[in-house]
Trainee: 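Once you've had a glance at the structure underneath, I'll fire off some questions.
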Amino acid sequence: MAASHLVSQAFLPLRNRHVSISSRSRTVLPIKIRATLASEPATVTASKHCFSKKEDGYLYCEGVRVEDAMQGAERTPFYLYSKDQITRNYEAYRAALEGLKSIVGYAIKANNNYKVLEHLQSLGSGAVLVSGNELRLAVRARFDPTRCIFNGNGKVLEDLVLAAQYGTFVNIDSEFDLENIVMAARIAGKQVKVLLRINPDVDPQVHPYVATGTKTSKFGIRNEKLQWFLDAIKTYPNDIKLVGAHCHLGSTITKVDIFRDAAVLMVKYIDEIRAQGFGVEYLNIGGGLGIDYHHAGAILPTPMDLINTVRELVQSRDLTLIIEPGRSLIANTCCLVNKVTGVKTNGTKNFIVVDGSMAELIRPSLYDAYQHIELVSPPPSDAGVVTYDVVGPVCESADFLGKDRDLPTPTKGSGLVVHDAGAYCMSMASTYNLKMRPPEYWVDNGSVVKIRHGETFEDFMKFFEGL
Ligand code: LLP
């Protein structure tokens, strides 16, 4: 397509429909949308998904037009969530775990929005932490710290002391980690409940950056060293109590057999550990369940499928199952909403340039990850479908949100979303190119409510005050 044609797209005038968005007051929705909401069932069902294109060609989040949310938002880009979808995702795990003793430890690293955490806590979730600050945040959001698990291959003493003081479970990752946990227990004057993170050497068949349970991974203890760790643990009976075994295979796993293979190995280790007189009660199989990023109709395993593959094993040993989902709880509850700055071509490639970028959403650049992209409103009737790279304004070629996407040519100023942006997007956002972190909103009961302020230039300058 000729560049002249692409750049001559008319600026799309923003519609005047007023939808105010506030962190304090509920939005007054247009009558039409209210009516739609009122007729929706009050109960949330597992199969319903929050974002859908309706016959009118607009993208909706739980009955609210994403374009309307754009009009009322503080600025673009912004993250837009569905609170009900978070509930539905949590309920899917709760239903799957029915009849089992269990702890759901939500992996805070996936998304650390305080309001999201408060909501998950209110639903009954525990949490999985990888830093002292994540523990502090979990406590602020009223998670019960004794139903939280502290993970990591490089936990520092100061954070371990905090975990010991709060009575949080701690996973032993290495020889030096064991030493530090013992020291933390002594400093806090508390016995720490520990799990052994065993590297089961099971290939999760995912991108190498998110595989964590194979021989070459930096996480966990080598399974051949199990006896060494058991002997060492026996020498600190006042400081640590071994209560379980943990593994985490990796992330974006789409075959539940992989979890079953690991669980079979893990219960064998638990049998060995129990045979030596340890009262081990917990099997922690980590997180890692993948989601349908491609939106191409593939049927992916559900939380029920995952739990069903390990249910009998867990029951046969009368264990309490700990699971650590991040992505499968939060990814599909959110879109990054961007505004189209313009459309251009370099002769061989066509680009949709939006205001969002690798600073707000780095997964495509970092892992070559696919996240589905679509326009939020119907394109002009004469808009042709063209193959585009969707890129941001950041000054490097790694800055893309999607490559080779067939999309109708959008008008300037129109909205474009990147789907499944609830996990590892905002939590991995940076201020590269001084693009300040975006605001966040969720649709709650038909209203668009702010759940995080956008960061500002003034926020940045505060780091230099008084220096
Ligand atoms: N437990 C442990 C010990 C973990 O390391 C992780 C994630 C989880 C649980 C949660 O896994 P999930 O259910 O979310 O897959 N930034 C990457 C993902 C890194 C995952 C790190 N560990 C991404 O954007 O795909």
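Whatever order the structure lists ligands and atoms in, that order sets their numbers, starting from 1. All values below come from the heavy atoms of this structure, side chains included, with hydrogens, waters and symmetry mates left out.
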Trainee: Taking side chain to side chain contact (heavy atoms under 4.5 Å, CB included) as the test, write out the residues that go with D271, two or more places apart.
Mentor: R317
Trainee: Do N89 and N332 meet the criterion of a side-chain donor-acceptor pair at a distance under 3.5 Å?
Mentor: yes
Trainee: Mind checking side chain to side chain contact (heavy atoms under 4.5 Å, CB included) for E224 and listing every partner two or more places apart, or none if nothing turns up?
Mentor: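 K215, R222.
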Trainee: Using the test side chain to side chain contact (heavy atoms under 4.5 Å, CB included), find all partners of A185 that sit at least two apart in sequence or belong to another chain.
Mentor: V192, D239
Trainee: Out of the candidates H295, Q371, R327, R363, only one should pair with D420 under the side-chain hydrogen bond (donor to acceptor under 3.5 Å, both in side chains) rule; please name it.
Mentor: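 Result for side-chain hydrogen bond (donor to acceptor under 3.5 Å, both in side chains) with D420: H295.
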Trainee: Got a second to check how far I233's CD1 is from Q276's CD, nearest 0.5 Å?
Mentor: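 Rounded to the nearest 0.5 Å, the CD1-CD separation comes to 10.0 Å.
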Trainee: Show me, by chain and number, every protein residue that has a heavy-atom distance under 4.0 Å to ligand 1.
Mentor: A107, K109, N151, R197, V210, H248, S251, G287, G288, E324, P325, G326, R327, R363, Y367, Y424, M428
